[in-house]
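First up is the structure itself, then whatever we jot down about it.
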Amino acid sequence: LLQFMYAFQQVYKRIETFAFSTSLQHITPLLKHNDFKEAMRLVSAENQHWSGGTRIGESLNSFVNECSKTILDKRTTVIILSDGWDTGEIDLLEQSMQTIHAKSKKLIWLNPLAGYTSYSPDVAGMQAAFPYIDIFAPAHNANSLRSLARWL
């Protein structure tokens with residue numbers, strides 16, 4: 001998924017990219033690097049907290065508090081790439097999703113698990129997010145990511 005965002009970053013001029021696990025990191029400047037391997041090394045070095053659980057609500061709340069005034073408007077499409085498993089506050093996830101949805105043109109949630117037939121979005125994070133998602137789609141292979149173009 002990072003390679004996908006790196007490619008987007010190279011093509012689109014007005015794109016901001018953030019990564020989150022236990023906290024939110026703005027990685028746009030790292031993905032602007034001309035060498036993909038170096039960009040991935042920089043992203044990995046900046047994100048020491050990966051594999052520590054995912055606090056989606058807290059991360060999206062940070063995004064709302066720090067970035068919504070300068071990044072979000074009715075021309076903005078927000079894409080969230082996540083499986084929806086949140087180890088943090090579900091209420092904060094729902095509040096943040098509500099704010100992002102209200103301030104943006106479109107909210108797309110790409111879930112790497114959604115492409116599998118046995119998947120069901122039963123986890124609390126997905127349940128809290130669903131009312132505010134305009135498009136919910138899989139992100140489990142290259143074909144699923146290519147289909148994103150029709151919604152942008």
Side-chain angles (χ1 to χ4, degrees), residues 1-47 49-57 59-60 62-64 67 71-88 90 93-94 96-152:
L1 295 175
L2 282 173
Q3 186 173 6
F4 176 71
M5 294 313 299
Y6 175 81
F8 257 36
Q9 200 75 53
Q10 302 303 309
V11 174
Y12 295 101
K13 299 295 181 215
R14 288 195 58 218
I15 185 170
E16 295 294 330
T17 306
F18 298 82
F20 63 86
S21 57
T22 57
S23 62
L24 184 74
Q25 291 88 30
H26 185 219
I27 62 171
T28 301
L30 306 176
L31 295 180
K32 294 278 188 189
H33 201 283
N34 288 333
D35 178 74
F36 174 71
K37 287 182 182 179
E38 179 63 10
M40 291 303 98
R41 187 192 69 71
L42 293 169
V43 168
S44 293
E46 289 284 322
N47 292 286
H49 301 289
W50 287 357
S51 300
T54 308
R55 299 174 64 91
I56 304 169
S59 297
L60 293 180
S62 292
F63 174 76
V64 167
C67 306
I71 293 177
L72 288 181
D73 61 33
K74 287 300 184 181
R75 295 174 297 157
T76 305
T77 298
V78 175
I79 302 170
I80 297 173
L81 299 145
S82 173
D83 61 9
W85 283 87
D86 194 338
T87 61
I90 298 302
L93 169 59
E94 184 172 5
S96 300
M97 288 291 293
Q98 184 177 22
T99 300
I100 294 168
H101 183 260
K103 291 186 173 198
S104 63
K105 174 183 177 182
K106 189 182 304 178
L107 203 160
I108 300 172
W109 190 296
L110 300 178
N111 188 316
L113 302 177
Y116 301 101
T117 55
S118 62
Y119 174 74
S120 180
D122 297 332
V123 297
M126 285 308 323
Q127 291 297 307
F130 257 114
Y132 310 103
I133 298 172
D134 297 307
I135 297 166
F136 180 76
H140 65 296
N141 61 26
N143 285 335
S144 64
L145 295 175
R146 274 189 220 108
S147 68
L148 178 62
R150 69 178 153 210
W151 298 307
L152 296 178

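In this chain, residues are counted from 1 in sequence order. On a predicted model such as this, the values are computed, not experimentally measured, just so you know.
Here the CE atom belonging to Met40 is positioned 10.0 Å from the CG atom belonging to Asp35, to the nearest 0.5 angstrom. Between atom CD1 of residue Ile133 and atom NZ of residue Lys106 there is a gap of 14.0 Å, rounded to the nearest 0.5 Å. Expressed to the nearest 0.5 Å, how far CD1 of Ile27 lies from CD of Glu16 amounts to 10.5 Å. Note that CZ of Phe130 is 13.5 Å distant from CD of Glu94, once rounded to the nearest 0.5 Å. To the nearest 0.5 Å, atom CG of residue Leu110 and atom OG of residue Ser147 are 8.0 Å apart. Taking CD from Gln127 and CG from Asp122, the interatomic distance works out to 6.0 Å, rounded to the nearest 0.5 Å.
In summary, of the residues considered (Ile108, Ile71, Leu72, Leu60), a side-chain contact (heavy atoms from CB on, under 4.5 Å) with Val78 occurs for Leu72 alone.
Taking both residues in full, the closest heavy atoms of Ala39 and His33 are given as CB-CB, 4.0 Å, listed atom of the first, atom of the second, then distance. The shortest heavy-atom contact between Ile90 and Asp86 is CD1-CB, 3.8 Å. Across Ala128 and Leu93, no two heavy atoms sit closer than the pair CB-CD2, 4.3 Å. Summarising the geometry of Ser23 relative to Ser59, their closest heavy-atom pair is C-OG, 3.5 Å, with the distance given to 0.1 Å. Ile56 and Ser82 make their closest contact through CD1-OG, 3.5 Å (heavy atoms, listed as atom of the first residue, atom of the second, distance). The nearest pair of heavy atoms linking Ala139 to Ser144 is CA-OG, 3.3 Å.
Taking 4.5 Å as the limit, every side-chain heavy atom of Leu30 sits out of range of all side-chain heavy atoms of Gln25. With contacts defined as side-chain heavy-atom distances shorter than 4.5 Å, the pair Arg14/Arg75 qualifies. Residues Pro121 and Asn111 are not in side-chain contact: their nearest non-hydrogen atoms beyond the backbone lie 4.5 Å or more apart. Between Phe20 and Arg55, the closest side-chain pair of non-hydrogen atoms is not below 4.5 Å. Residues Met5 and Ile79 are not in side-chain contact: their nearest non-hydrogen atoms beyond the backbone lie 4.5 Å or more apart. Looking only at side-chain heavy atoms (C-beta outward), Pro138 and Tyr119 stay at 4.5 Å or farther from each other. Taking the side chain as every heavy atom from C-beta outward, Ile80 and Met97 approach each other to under 4.5 Å.
The environment of Lys74 atom NZ is dense: over 12 non-hydrogen atoms of other residues, nucleotides or ligands sit within 6.0 angstrom. Other residues, nucleotides and ligands contribute over 12 non-hydrogen atoms within 6.0 Å of the NZ atom of Lys32. Around CD of Glu38, the count of heavy atoms belonging to other residues, nucleotides or ligands within 6.0 Å exceeds 12.
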Please determine whether side-chain contact (heavy atoms from CB on, under 4.5 Å) holds for the pair Val43 and Tyr6, giving the CA-CA distance in whole Å, both sets of side-chain angles, and the decisive distance to 0.1 Å. CA-CA 11 Å; Val43 168; Tyr6 175 81; over 6 Å; no

Quick one: do Lys103 and Val64 satisfy side-chain contact (heavy atoms from CB on, under 4.5 Å)? Show the steps, please. CA-CA 10 Å; Lys103 291 186 173 198; Val64 167; 5.8 Å; no

Derivation and outcome, side-chain contact (heavy atoms from CB on, under 4.5 Å), residues Asp134 and His101: CA-CA 8 Å; Asp134 297 307; His101 183 260; 3.1 Å; yes

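The backbone N or O of Tyr132 lies less than 3.5 Å from no partner atom in the side chain of Gln98, so there is not a single donor-acceptor pair. Side-chain N or O atoms of Thr28 include one that pairs as donor or acceptor with a backbone N or O of Thr17 at under 3.5 Å.
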